[in-house]
Amino acid sequence: MNRFLLQSIGRLPFLTLIIALFALLAIGCLFVHSTTGGSAQGFPSPTAERHLIRVAIGLAVFVFLVGVRYRTLEEWALPLYGFGIALLCALFAVKLGGGGGKPSSWFELPGFALQPAELMKLFTILLLARALKPTLRAANAGEHLRPLLITGIPALLIAAQPDLGTALAFPPVLLAMLWVGGASTKRVASYAGAGVACALLVLCAALFADVGLRGYQKNRILAFFDRKAPEYAMNEAYQPNQSLIAIGSGGLFGKGLGQGPQNVRNRLPEKHNDFIFGIIGEEWGLAGTILVTMLFAMLYLSCAGIAYRTREPFGRLVAIGITVQLASQTLMNLAIATGLAPVTGITLPFISFGGSSLLTSLASIGIVLGIGLHRIPFLAPLENPRRHEQLVIYPARVGR
Amino acid sequence: MARSRIVWLIAGLLFGFSAIALRLTWLQGFQWHEYAAREETHRCPLRYLPAPRGHILARAGEVLAQDLPQHFFVYTLGGIDDVGRVAAQIARAIRAWDGGLARDFPAALLEESLDRLRGLYRERLGSGVSIPPHPWISELEPPLAHHLARWLKKLPSYGRVPGISVAVDQEGGTIWIEPDVLYAGEAGTRRIERRLALPAGSLFGGAPPARGAPTGIAARLSRARALTDRDARQRALDMKRDLLLELPAALRPGAIPFDLVADVVSHPERYPGIRVRESLRREYRRTEAIGNLVGFVEPVARRVEAEEERAEAAAAQGAEAAAAALIILDERRGGSRDLPRLRDLYTFRDLRGEGYLWGDYIGARGVEAAFEARLHGIAGAVQQELDAFEVPVGVPRDGEAPIPGQDVTLSIDLAFSEYLHGVFAEQGVVAGSMLVGVPETGEIFAWITVPGYDPATLHRDWERFEAIRHLSPLLNRPAQAELPPGSTIKVVFALGALDAGVIERGTPYTCNGVYDPRFPTQLRCNNHNARLPLTLEVSEALARSCNCFFYHLGGKRLGSDRIRGILAGYGFGAPTGIELVGERAGILPAAWPELAAIGQGRFAATPLQLFRFFCALANRGAAPVPSILVAERRADAERLDFGEDSIEAVIAGMVEAVEYGTASDSAIGLHDFACAAKTGTAEWTSNGATSNLAWIAGFAPVKAPEIVFVVEVEHTSLHGGDAAGPIAARALEWLEAERGYRFDSERRSDAR
């Protein structure tokens with residue numbers, strides 16, 4: 001009995017992860033349908049149909065990655081990373097070669113648009129974990145150069161696209177992985193402080209000296225601080241204002257799926273994509289938004305739980321990296337939708353319409369679940385320094 | 001250690017999601033009402049319905065001013081022209097085809113080519129004859145053609161490209177266009193052009209981009225299309241915004257034929273993107289005769305600006321700035337003052353009667369200003385749901401109908417006024433005025449001002465007015481011109497002196513032609529050339545308008561104080577209280593009683609004050625407040641304290657003036673009527689030139705007077721009787737002929 005209970009508790013993260021994931025995917029399908037002109041009878045709307053196909057593809061990738069032994073991923077980390085960088089560079093080549101100079105961060109492929117930045121998030125985490133694995137408890141800064149470069153190169157490439165929102169997803173991942181990987185708290189904090197200082201510097205330079213950021217990026221930040229200013233009301237502040245109105249007017253239980261006026265009357269731009277949470281708030285009210293928030297929290301806590309249970313450093317680092325990346329993206333999106341942060345184009349994982357994001361998110365979760373399921377035997381020094389002589393073998397317990 | 005750090009991270013995650021949950025609870029649980037209200041006002045804003053102003057009618061029911069609906073055509077770029085979207089869609093389809101070169105295929109190329117084709121069909125569009133399909137792009141590579149054909153077939157219903165089809169055979173593919181469908185919007189504007197007989201393309205805007213800068217709708221289209229992808233939202237807004245279809249000046253809103261309006265309303269499919277919008281326009285009767293009386297309206301905005309300017313000027317001079325009396329209820333003026341906001345229908349219902357909306361009109365002058373409260377209607381509003389592009393959705397949910405303003409019926413006889421206006425012109429009067437009214441009630445049925453304006457064409461006449469600026473064409477003379485009354489005022493002093501017992505009937509005075517030998521040229525009398533010296537009593541002095549008699553009366557017998565007392569007692573120096581705004585009070589004389597007694601010097605009265613006094617004379621005492629409304633006998637007619645004998649003496653003087661005195665000349669023509677009149681001639685320096693100001697005032701018939709008249713002619717070289725008298729005579733003549741009055745001489749003899 002006791003053993004059964006322990007086993008159940010042990011499996012709890014897998015169970016909650018699966019439940020939360022599928023619930024979120026289902027809600028995503030419903031709201032993509034609702035926000036793309038879908039009616040009650042005609043499920044799914046043409047766009048929702050495309051979304052469903054993507055979910056199906058994503059789930060296939062998810063299942064595949066759950067099955068893959070993640071040691072294989074460790075071996076493939078470098079080639080994958082190289083592939084991702086090549087894609088990003090190719091994007092620049094296309095942009096420069098095309099001569100259009102238009103900002104574009106995706107390849108137009110038949111069927112869907114490939115966004116290398118989304119894939120790059122995952123590839124960076126994989127290589128970062130591999131690079132950090134032998135440098136556990138690294139003490140000097142020289143050891144951190146490699147991780148910094150691994151994260152910095154793609155982040156800069158993406159920021160130059162320009163896709164500042166996606167680029168901003170990298171630093172927290174790096175910091176979290178460094179910290180969990182064993183770097184001293186003081187050092188990680190100093191990195192974080194330096195990063196924040198840099199960001200402030202860029203911000204000040206943009207606001208007062210008009211260099212660095214592009215006009216619309218600057219305006220979005222200004223609009224965040226003065227949402228009611230007439231010069232922003234119809235431009236940069238329009239979207240967040242409409243999102244707030246949508247969420248706020250939803251009340252406790254919302255207006256019902258497909259019934260929200262902001263949705264039906266097309267008042268919220270990107271409502272099926274970056275601002276889908278606004279429509280959830282409008283149509284399902286506080287009940288729906290709390291449900292979604294709790295599902296997200298449940299999903300990421302499960303992921304963190306898996307990381308907690310994993311002693312093997314690569315697996316643990318990958319799980320933590322993915323958890324932090326997805327969670328920060330989610331939190332950022334929710335903060336934007338509820339008017340707590342300036343607007344940047346960030347999708348809501350598992351819910352927003354968007355192929356690359358959905359695929360990467362599902363793949364990431366697949367990898368985390370795989371890490372949880374494939375317990376790899378690992379020889380690790382005990383964390384109790386007094387017993388550092390002693391080695392313990394953690395056996396794999398797959399399927400038990 | 002790593003595990004504890006993971007626990008910390010988990011705590012951080014929990015903290016983040018809790019923060020979001022708290023924020024959501026705050027927004028949706030506590031601030032719900034505020035956001036719901038904001039959502040409602042965004043979705044269903046109030047649309048104001050202006051209330052028509054009341055009509056202004058003349059006595060016989062002729063409409064002098066009324067609000068008429070006027071129609072505008074408005075259009076949306078997106079509704080009129082789809083070519084840009086079609087080109088962009090096809091270009092995207094071509095780009096999506098994986099055929100190497102197609103990757104950078106620009107939409108602009110297609111757009112330009114479609115625009116050039118449009119020029120080819122401009123003449124034939126909208127003629128009712130259908131145009132056969134036209135091959136647009138031929139010799140497409142078969143794979144691309146197949147790709148496009150497949151793509152066209154697969155398009156969802158909401159994304160169809162109208163007027164485009166692809167035909168594929170062995171050699172290759174051809175894209176065909178149907179001009180009638182593709183250029184349906186321009187065909188609609190072409191239809192309007194045809195109906196209004198405008199040259200082809202004058203509304204849409206002629207030249208294709210290659211041959212010069214486009215104008216009109218085409219120019220706006222190219223501006224909207226030039227916006228880059230980054231401004232996609234701006235472009236979408238531009239394409240859906242209502243714009244005014246600018247018609248040539250000769251075809252301003254009123255001139256759009258109603259059948260065209262009806263066609264656009266009932267057959268929207270013939271005019272894609274074009275809609276009709278209705279508003280109200282103040283329409284005035286085309287007449288100059290009573291323009292100054294009717295007045296005109298101005299936008300509230302202009303009034304507020306003028307008031308603000310005045311307040312600023314006052315503040316600059318250190319005076320306390322007067323607060324604007326107008327309440328503006330509309331919120332479109334935001335910011336500068338704390339104005340009531342009509343955000344929702346409830347506030348609107350409460351406040352709508354209290355002030356003006358920003359788009360309202362307000363009476364600026366004349367009757368329009370005087371009866372503003374009565375004429376101004378109360379605006380209505382509807383709450384109408386709008387989509388993101390401000391396009392109305394469905395039927396209005398709720399609303400208040402506008403309450404039209406009340407009509408005002410003036411006592412003015414329009415035909416008489418127009419006749420008199422003609423007489424003024426015939427006599428070559430450059431400036432002057434005339435009042436004719438009923439003594440019993442004070443009701444005025446002719447109110448002439450020369451030079452006058454026609455409110456219907458006022459906006460076009462400014463240049464003409466510039467030229468006659470020194471004549472003050474906007475002055476409403478009867479109420480606003482302060483003029484020296486000349487000898488007409490002698491009646492007042494004669495009556496006042498008789499009443500006060502200063503002189504008696506029969507008190508003789510000998511006129512030598514010169515009043516005071518010390519001032520032989522200043523104070524003299526040359527009104528009665530015959531037989532000097534002449535001894536006369538008061539009636540004859542009035543009839544002959546003897547200056548010396550009145551110099552003596554004013555200077556020796558009455559004195560300044562008593563003169564002022566008499567004038568004030570008979571209503572001079574104060575507005576008469578007619579309904580009009582801006583009536584002047586005149587100026588009472590302070591010194592020189594001799595001059596004041598003949599109505600000269602620093603002494604001014606308005607024609608209206610004289611009118612009122614002569615009404616009192618005709619009524620033998622009762623002085624009604626002059627009125628321009630049709631009214632019953634007024635209860636509040638003030639009684640002036642006239643002695644009966646004094647009145648008869650004065651009236652006798654006035655009758656004698658017509659019989660043998662200053663108004664007796666046969667050229668004047670008053671001799672034939674039973675009327676009592678007093679002429680007056682004031683020497684008047686205005687703008688550096690001395691000229692005469694001729695007056696005549698009187699009533700007819702003598703015994704039971706039915707009309708009172710006051711005529712005033714400025715800038716004349718003639719004397720009172722000669723300049724103003726004939727006008728009065730013509731007026732009496734017309735009234736006898738057209739309105740059945742009897743003013744014949746026999747009855748005058750009876751009266752004596």
Side-chain angles (χ1 to χ4, degrees), chain A residues 37 46 94 98-100 102-103 108 110 136-137 176 179-182 185 216 234-235 238 242 244-252 261-262 265-269 281-282 285-286 289-290 293-294 296-297 300-301 304-305 307-308 313 316 320 323-324 327-328 330-331 334-335 338-340 383, chain B residues 1-10 12-14 16-21 23-40 42-44 92 95-98 103-104 106 156-159 228-234 236-237 334-335 385-389 391 393:
Chain A
V94 166
K102 278 199 294 188
E108 277 194 31
L136 281 178
R137 301 191 184 189
W179 196 48
V180 172
T185 306
Y216 73 95
M234 274 316 281
N235 301 305
Y238 180 84
Q242 295 300 327
L244 270 180
I245 288 172
I247 292 179
S249 64
L252 290 180
Q262 298 282 94
R265 300 288 173 233
N266 273 325
R267 286 195 161 271
L268 181 56
E282 180 177 38
L286 184 62
T289 52
I290 291 289
T293 312
M294 281 173 64
F296 272 119
Y300 299 138
L301 288 186
Y308 183 85
R316 171 186 282 174
I320 275 300
T323 308
V324 169
S328 60
T330 306
L331 281 172
L334 298 188
T338 52
L340 293 174
E383 284 169 8
Chain B
M1 188 172 75
R3 286 191 137 191
S4 69
R5 287 184 175 180
I6 291 177
V7 172
W8 277 110
L9 279 183
I10 288 175
L13 277 183
L14 279 175
F17 281 102
S18 314
I20 296 290
R23 170 76 173 164
L24 287 169
T25 313
W26 171 244
L27 287 178
Q28 299 186 297
F30 293 94
Q31 292 201 305
W32 173 71
H33 286 289
E34 189 185 313
Y35 283 107
R38 267 177 76 183
E39 188 269 321
E40 170 114 1
H42 275 233
R43 182 164 46 96
C44 302
R92 207 178 305 137
R95 277 201 295 266
W97 175 61
D98 201 4
R103 179 140 299 157
D104 304 315
S157 58
Y158 56 84
T228 58
D229 285 349
R230 272 250 308 287
D231 302 316
R233 191 184 150 71
Q234 184 61 44
L237 275 176
E385 189 163 345
L386 302 180
D387 72 3
F389 296 109
V391 178
V393 180

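Note that this is a predicted model, so its numbers are computed, not measured. Just so it is clear, the values below take in all heavy atoms, side chains as well, and ignore hydrogens, waters and symmetry mates. A note on names: the letters A, B, ... follow the listed sequences, proteins ahead of strands, and every chain is numbered from 1.
- Interface residue I10(B): backbone and side-chain heavy atoms are both found under 4.5 Å from chain A.
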(Q) For a side chain to side chain contact (heavy atoms under 4.5 Å, CB included) check, start with the C-alpha distance between L244(A) and R38(B), then their side-chain angles and the critical distance, and finish with the verdict. (A) CA-CA 10 Å; L244(A) 270 180; R38(B) 267 177 76 183; 5.7 Å; no
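- When side chains are defined from C-beta on, T323(A) counts as touching L13(B), because their heavy atoms get closer than 4.5 Å.
- Each of T293(A), I290(A), T289(A) was checked for a side chain to side chain contact (heavy atoms under 4.5 Å, CB included) with I20(B), and the lone residue meeting it is T293(A).
- In terms of heavy-atom pairs under 4.5 Å with chain B, the best-connected choice from L252(A), T185(A), I247(A) is I247(A).
- The line from CG of L14(B) to CG of L301(A) is 4.5 Å long, rounded to the nearest 0.5 Å.
- Between L334(A) and R23(B), the closest side-chain pair of non-hydrogen atoms is not below 4.5 Å.
- Side chains of L9(B) and W179(A) form a contact here, defined as non-hydrogen atoms less than 4.5 Å apart.
- Interface residue I320(A): only side-chain heavy atoms are found under 4.5 Å from chain B.
- G248(A) and W32(B) make their closest contact through O-CD1, 3.1 Å (heavy atoms, listed as atom of the first residue, atom of the second, distance).
- For the residue pair S249(A) and A36(B), the shortest heavy atom distance occurs at CB-CA, 3.7 Å.
- Closest heavy-atom contact between Q28(B) and L286(A): OE1-CA, 3.0 Å.
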